[in-house]
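Throughout, a chain's letter reflects where its sequence line sits, starting with A, and its residues are numbered from 1.
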Amino acid sequence: MTALADSDIPFLPRGVRLRHCDVRKAWFLLAPERAVKLDPVGAHVLQALDGERDFAAVVGHLAAQFDAPQDRIATDAGAFLTEMRNRRMVEVRS
Amino acid sequence: MNAPGNEPVDIETAIPIPMAMLAELTHRCPLKCPYCSNPLELTRRSAELSAEEWVEVFRQAAALGVLHVHLSGGEPASRKDLGEITTGAVEAGLYTNLITSGVGLTEANFADLAARGLDHVQLSVQGVDAEAADRIGGFRGGFDTKMRVADWVAREGIPLTINAVMHRQNLDRLPETIELAVKLGARRLEVANTQYHGWADLNRAALMPTPEQAKRASEVVAETRERLKGTLVIDYVPPDHFAKYPKPCMGGWSRVGLCVKPEGKVLPCHAAETITTLEFQNVRDVPLEEIWKKGPAFTAYRGTHWMQEPCNSCERKTKDWGGCRCQAFAWTGDAAATDPVCTLSPEHARMRAAAETDSAAHADEFVYRTIGGADRARAKEPAS
């Protein structure tokens, strides 16, 4: 799957949910018959998807949140979101 | 960034955190599938947990770490309070999956379940057309209902999985089953070969596939996975009687999941009652956490401490966990024995020969799953 464009809006489709598990003290992405344990970075990236922010805005939001360089965030978040798209856990509209 | 939790743990001392709970809300069902996973002795309506009791079970399950709940049956839509039960699961924070035949749902009550936050639907199909499907399910009109239900699921935008239980009488139509799943808009298809417990065991001679069918089915799945990549995910449960090693049943006994029966009895797997030496507890009497952590049925075969040879010295012992405890008990009378599916089991040759005999039986008539049906079928059998 091709990389996200700045104007692509990534979102969690119906049937895919973020949930914090207090017992395991971790965030999970839940989908049909799947539970993906997220590290803190992955959890923050997915929490930044509000269905309105496009990819550029997601990167801007995370860069401000973590006081980190935009290009590094764009690379890391882009790779992660592309992988989640391939697993049909994240969808994109433009 | 996304590796599932596989931290090294001492499997003998650490109690795992369960991921999933199967909630058998009822054993009532309009269908009569001859391989039903419910026990031969079906629970009656008057014994079922109330909606309030189920909601409390969901809260306890979530507190224990359960992430997915599967609302199943029988047919869950046979319960008039399915909406209330669904809300309870969603509010407990559980990912809520409805496992249904579709029969008993209406467009209005399905829209209601969707509005309550249902996450996913698994719809069973017994065959690829009305004639085949309704004969296997023992319910006229069932197939047409399913086609409508799939449409409602798609309209709500809820992800759909098609569950297809396969056996000798439908395995040759696997390619059409896959096409049907795609046509219905499913993202996942479970091609699950029959597991021979309870009703299915009673119908072995009518259901057991031939070794040739088993081989061909595995090829079809492999070809189709490649062809439909990105469109349809296929989860495949091969017919294990013709395998070399057993399946890692339940991902290991009391490691990943648990099952609550309609009356509140808690089981390590839905078929565990076939192991008549085990003792089960009820959520009406004992908190779920205590049952999971310390219940006698749960600790009996958790980990590897109970294993005998050839399992105990086998390098696969924590890969397949000795296979299926129910199958071991059914064939050897000892639930701690090696699953006879395993080619290393001393019972393997006997099981394989019996499977080949069953697969060559020209007996296509079913004993349908009905209340009292198993007793009537046994009464008809000639004394041996």
Please work out which of the three classes, parallel, tilted or perpendicular, describes the rings of A:His44 and A:Phe66, given edges at 30° and 60°.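 If you compare the ring of A:Phe66 with that of A:His44, the planes turn out perpendicular.
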Original post:
Given the rule in the salt bridge (Lys or Arg N to Asp or Glu O under 4.0 Å) test, do B:Asp320 and B:Lys247 qualify, once you have shown the distances and angles that lead to the verdict?
Top reply: CA-CA 6 Å; B:Asp320 54 34; B:Lys247 58 188 178 285; over 6 Å; no
For B:Glu289, give me all partners under salt bridge (Lys or Arg N to Asp or Glu O under 4.0 Å), at least two apart in sequence or on another chain.
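Residues passing salt bridge (Lys or Arg N to Asp or Glu O under 4.0 Å) with B:Glu289: B:Lys293.
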*Part of B:Ala63 lying under 4.5 Å from any heavy atom of chain A*: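 Looking at B:Ala63, just its backbone touches chain A.
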Notebook entry, point to check: Tell me, side chain or backbone of B:Leu94 under 4.5 Å from chain A's heavy atoms, or both, or neither?
Noted result: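 Answer is both: backbone and side chain atoms of B:Leu94 are under 4.5 Å from chain A.
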Is any residue of residues 6-26 of chain A within less than 4.5 Å of chain B by heavy atoms, and which ones?
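Only A:Arg14, A:Gly15, A:Arg17, A:Arg19, A:Cys21, A:Val23, A:Arg24 of residues 6-26 of chain A have a heavy atom under 4.5 Å from chain B.
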*asked:* Tell me whether the count of non-hydrogen atoms from other residues, nucleotides or ligands lying under 6.0 Å of NZ in B:Lys294 goes above 12.
replied: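 Result for NZ/B:Lys294: open.
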Exercise for the section: Begin from the C-alpha positions of A:Arg87 and A:Glu83 and carry the test salt bridge (Lys or Arg N to Asp or Glu O under 4.0 Å) through to its verdict. Expected result: CA-CA 7 Å; A:Arg87 296 167 73 170; A:Glu83 190 192 327; 3.4 Å; yes
Can B:Arg302 be said to sit on top of B:Trp321's aromatic six-ring, NZ or CZ under 6.0 Å from centre and within 45° of the ring axis?
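Judged by the rule, B:Arg302 and B:Trp321 form no cation-pi pair.
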What salt bridge (charged side-chain N to carboxylate O under 4.0 Å, His left out) pairs are there with at least one residue in residues 65-75 of chain B, not counting sequence neighbours?
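Residue pairs passing salt bridge (charged side-chain N to carboxylate O under 4.0 Å, His left out), neighbours aside: none found.
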Residue among B:Thr86, B:Ile85, B:Val283 satisfying side chain to side chain contact (heavy atoms under 4.5 Å, CB included) with B:Trp54 =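 Output: one option passes, namely B:Ile85.
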- Message: So if I take each residue of residues 107-121 of chain B and look for any heavy atom under 4.5 Å from a heavy atom in chain A, which residues do I end up with?
- Response: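 B:Ala114, B:Gly117, B:Leu118, B:Asp119, B:His120, listed by number.
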Going by atom types alone, do B:Thr177 and B:Glu179 pair a side-chain donor with an acceptor below 3.5 Å?
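No.
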Report task. Mind listing the closest non-hydrogen atom pair of B:Leu71 and B:Pro76 along with its distance? Result ->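 Smallest heavy-atom distance, with atoms named: O-CG, 3.7 Å.
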